[in-house]
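Down below is the structure, laid out as structure tokens.
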Amino acid sequence: MSRDINSKYWNEELETLPREELEKRQLEDLKEIVKFAYDNAPYYKRSFDEAGVKPEDINELSDIRKFPFIDKRTQRDTQGVGSFLGELCAVPEEEVVFISTSSGSTGVPTVSPFTKKDFDEFQETESRWFWQIGMRPTDRYLHGLNFSLYVGGPDVIGAQNLGALSIWGGTLPSERLLFVLKTYQPTIMWTSPSYAWQLGEKALKAGIDPKKDLSIRKIIVAGELGGSIDSTRKAIEDLWGAEIFDFYGLSDIFGACAAMCEEKDGLHIAEDHILVETVDINTGEVLPPGETGELVYTTLRKHARPLIRFRTGDIGRIDTSVCKCGRTHGRIHINGRKDDMFIISAVNVFPSDIEAVVRDLKGITGEYRIRVFEDNFACKYSVEIERNEDNTEKDEEIAERVSISLKSRIGVKPHSVTVHKYGELDTRSEHKSSRVIDERKGDYVI
């Protein structure tokens, strides 16, 4: 189809559907996928029967709450059972053309299979997100994501389908990546927020000014929450002289399931592919749109492995109001992972809360590490940071300033703040950064 290069929409009809029409389409797809899962995936047949529900019980979108949840444990327990792809898979292996795997950071890596139709629709959605952030056929795009079984690797095909000149960079060492950036002068790249910051720092140390010597005008970030944290996003934008856009995906579904638009007020989620619920993290009770809880997704069109009421472990909310950009698909706002949250004096704290404070303060690099521990049967946290090379403040002055800011913004003061010299905090990574150490005696995963 011909596409107006000046239009801000990849598919204007789909992206601006009135909610009533969008939900009508969702209901049609929901009825079909729930029946398909029941008829073809052994786990769903058994699970639905045990719960006393059947596909015919779906008459409106809210009826999905009658059906049982699944989660990562369900995936791990059913993987490899009965067949290579397991009891959640709803198609024979010969119909599967691609698999990705999860990182395994919270247990055994889980396989995510795709039929050809699944994969093609996945890449059509990626093209939509790329167009949404302003990518056009005239752009050169550097894809700096892992290609080794990672579901975000193939997203580069979405850029190619859009018509952009695509450079399959992968996870190159920073020196090589800087060579590519300087030699081929791409205009858009995709990496993690922490690595975008670190790469900019390394460029400056190598005598390369990202603003003057490189052509990057937009950076897509994903895999960490930094892109949706105003202070982190601004710091990276100031360093590169480029716009930052946050993307969000799950290996369980496909690469980027949600993406920022120019308004940067949450991330539009592909509601033509995903039905979103928000539930109370303890009771599983469904919450109204706008309330914060655990996000639960039902895939509406993925047939290789349908996910019916998948508890993501992500804490956030969905805003279903029409965005100022004109798009009607809901916007998700992610606070963090349920596993990452810790409670201090009855206050729920996420690492992203601490990052928002640290990235916004002058005189420190923005690097940080959090230690969570028990003291007299109470949960406490401490923070390590780095001072800038040109900061002449005393360590105790910096620590006090950080402590007061954390208390003011989060509501709970850290047990201690440790100040390191520039470059001494080993949180810099080529990919995601590990920033939380949990020393509590309970069975916690961070």
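All values derive from a computational prediction rather than experimental measurement. All residue numbers in this chain count up from 1 along the given sequence.
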Notebook entry, point to check: Which heavy-atom pair separates T365 from R359 by the least distance, and what is that distance?
Noted result: O-NH1, 4.4 Å
Notebook entry, point to check: Any side-chain heavy atom of R309 sitting closer than 4.5 Å to one from R65?
Noted result: yes
Next item on the list: For the pair Q123 (side chain) and G158 (backbone), establish whether a donor and an acceptor sit closer than 3.5 Å, ignoring hydrogens and angles.
Entry: yes
Note to self: Within the 3.5 Å criterion, strictly below it, is a donor on S215 or Q185 matched to an acceptor on the partner's side chain?
What the structure shows: yes
Next item on the list: Would you check, one step at a time, whether the test salt bridge (Lys or Arg N to Asp or Glu O under 4.0 Å) holds for R46 with E87?
Entry: CA-CA 10 Å; R46 183 172 67 250; E87 292 188 312; 2.9 Å; yes
Note to self: If the threshold is 4.0 Å, N to carboxylate O, is there a salt bridge linking K302 and D118?
What the structure shows: no
Next item on the list: Could you tell me whether F147 atom CZ has more than 12 heavy atoms of other residues or ligands within 6.0 Å of it?
Entry: yes
Check: Under 3.5 Å, is there a donor-acceptor pair between the side chain of T312 and the main chain of L295?
Finding: yes
Notebook entry, point to check: Is there a donor-acceptor pair closer than 3.5 Å between any side-chain N or O of T299 and the backbone N or O of P306?
Noted result: no
Margin query: Can a donor-acceptor pair be found, under 3.5 Å and without considering hydrogens, that links the side chain of H333 to the backbone of S228?
Written below: no
Notebook entry, point to check: Given R435 and E367, is the salt bridge (Lys or Arg N to Asp or Glu O under 4.0 Å) satisfied, shown in steps?
Noted result: CA-CA 9 Å; R435 299 189 182 279; E367 291 297 319; 3.1 Å; yes
Next item on the list: Can you measure from OG (S100) to CZ (F122) and round to the nearest 0.5 angstrom?
Entry: 7.5 Å
Checklist line | Min side-chain heavy-atom separation S352-I334 under 4.5 Å | finding: no
Next item on the list: Give the intermediate values and the outcome of salt bridge (Lys or Arg N to Asp or Glu O under 4.0 Å) for residues R371 and E439.
Entry: CA-CA 7 Å; R371 185 168 67 95; E439 298 177 345; 2.7 Å; yes
Next item on the list: Run the salt-bridge test on K35 and E56 with the 4.0 Å N-O cut-off and return the result as yes or no.
Entry: no
Check: So, do R25 and L300 sit near enough that their side-chain heavy atoms are less than 4.5 Å apart?
Finding: no
Next item on the list: Please round to the nearest 0.5 Å and tell me the distance separating atom NZ of K8 and atom CD of Q132.
Entry: 10.0 Å
Notebook entry, point to check: Less than 4.5 Å apart, any side-chain heavy atom of V221 and any of R233?
Noted result: no
Notebook entry, point to check: Excluding sequence neighbours, so at least two apart, what forms salt bridge (Lys or Arg N to Asp or Glu O under 4.0 Å) with R128?
Noted result: D272
Note to self: List the residues meeting side chain to side chain contact (heavy atoms under 4.5 Å, CB included) with H415, not counting sequence neighbours, and say none if there are none.
What the structure shows: F373, D375, K380
Checklist line | Least distance between heavy atoms, E294 atom then G313 atom | finding: OE2-N, 2.9 Å
Check: When you look at D77 and Y43, which way does the side chain to side chain contact (heavy atoms under 4.5 Å, CB included) test go after all the steps?
Finding: CA-CA 10 Å; D77 290 348; Y43 176 82; over 6 Å; no
Check: With a 6.0 Å cut-off on ring centres, are H143 and W190 close enough?
Finding: yes
Margin query: Once rounded to the nearest 0.5 Å, what's the spacing between atom CD of E60 and atom NZ of K31?
Written below: 10.0 Å
Notebook entry, point to check: Are I220 and F130 close enough, and set up right, to give a side chain to side chain contact (heavy atoms under 4.5 Å, CB included), and what steps lead you there?
Noted result: CA-CA 9 Å; I220 301 163; F130 285 132; 3.5 Å; yes
Item checked: Derivation and outcome, side chain to side chain contact (heavy atoms under 4.5 Å, CB included), residues I269 and Y297 -> CA-CA 11 Å; I269 190 160; Y297 298 149; 3.9 Å; yes
Notebook entry, point to check: Does a side-chain N-to-carboxylate-O contact under 4.0 Å join R409 and D360?
Noted result: yes
Next item on the list: Would you check if Y381 and V412 make a side-chain contact, meaning some heavy-atom pair closer than 4.5 Å?
Entry: yes
Next item on the list: Answer yes if the side chains of Q198 and S174 hold a donor-acceptor pair under 3.5 Å, and no otherwise.
Entry: no
Margin query: Is there a side-chain contact between F48 and I308 in this structure, where contact means two heavy atoms from C-beta onward sitting under 4.5 Å apart?
Written below: yes
Next item on the list: Sort out for me which residue in T298, T74, L250 forms a side-chain contact (heavy atoms from CB on, under 4.5 Å) with F310.
Entry: L250
Notebook entry, point to check: Under 3.5 Å, is there a donor-acceptor pair between the side chain of E386 and the main chain of E424?
Noted result: yes
Check: To the nearest 0.5 Å, what is the distance between CG (L145) and CG (D155)?
Finding: 7.0 Å
Item checked: T78 side, atom OG1; R305 side, atom CZ - distance, nearest 0.5 Å -> 8.0 Å
Check: Under 3.5 Å, side chain of D120 to main-chain N/O of K117, donor-acceptor pair present?
Finding: no
Item checked: Pairwise side-chain contact, S194 with E224, heavy-atom cut-off 4.5 Å (strictly under) -> yes
Next item on the list: Tell me, yes or no, whether the heavy-atom count around E93 atom CD, taken from other residues, nucleotides or ligands under 6.0 Å, exceeds 12.
Entry: no
Next item on the list: May I ask you to say whether K264 pairs ionically with E237, meaning some side-chain N is under 4.0 Å from a carboxylate O?
Entry: yes
Item checked: Donor-acceptor pair, side chain of D57 and main chain of K54, under 3.5 angstrom -> yes
Notebook entry, point to check: Would a 4.5 Å heavy-atom cut-off, applied to side chains only, mark E126 and I157 as touching?
Noted result: no
Checklist line | Spacing of L17 atom CG and E271 atom CD [to the nearest 0.5 Å] | finding: 10.5 Å
Checklist line | I244 and M260: CA distance, side-chain angles, deciding distance, side chain to side chain contact (heavy atoms under 4.5 Å, CB included) verdict | finding: CA-CA 9 Å; I244 301 297; M260 274 184 173; over 6 Å; no
Notebook entry, point to check: Would you say E355's side chain and Y368's backbone share a donor-acceptor pair under 3.5 angstrom?
Noted result: no
Notebook entry, point to check: Taking D29 for the side chain and Q26 for the main chain, is one N or O donor matched with an acceptor at less than 3.5 Å?
Noted result: no
Margin query: Just checking R73: does its CZ atom have more than 12 heavy atoms from other residues, nucleotides or ligands closer to it than 6.0 angstrom?
Written below: no
Margin query: Could you walk me through whether D314 and R337 satisfy the salt bridge (Lys or Arg N to Asp or Glu O under 4.0 Å) test, starting with their C-alpha distance in whole Å, then the side-chain angles of each, then the deciding distance to 0.1 Å, before giving a yes or no?
Written below: CA-CA 5 Å; D314 290 325; R337 293 284 302 167; 3.0 Å; yes
Notebook entry, point to check: When you look at NZ of K24, are more than 12 heavy atoms from neighbouring residues, nucleotides or ligands closer to it than 6.0 Å?
Noted result: no
Item checked: Contact summary for Y141 and A164, nearest pair of heavy atoms -> CB-CB, 4.5 Å
Checklist line | Residue pair A256 / F247: nearest heavy atoms and the distance that separates them | finding: CB-CD2, 3.7 Å
Item checked: Residues forming a salt bridge (Lys or Arg N to Asp or Glu O under 4.0 Å) with R327, sequence neighbours excluded -> E15, E262
Notebook entry, point to check: Which atom pair, heavy atoms only, marks the closest approach of F36 to V91?
Noted result: CZ-CG1, 4.0 Å
Check: Taking all non-hydrogen atoms of both residues, which atom of Y38 and which atom of Y44 are closest, and how far apart?
Finding: CD1-O, 4.0 Å
Margin query: Any side-chain to backbone donor/acceptor pair from E285 onto D280? Under 3.5 Å, distance only.
Written below: no
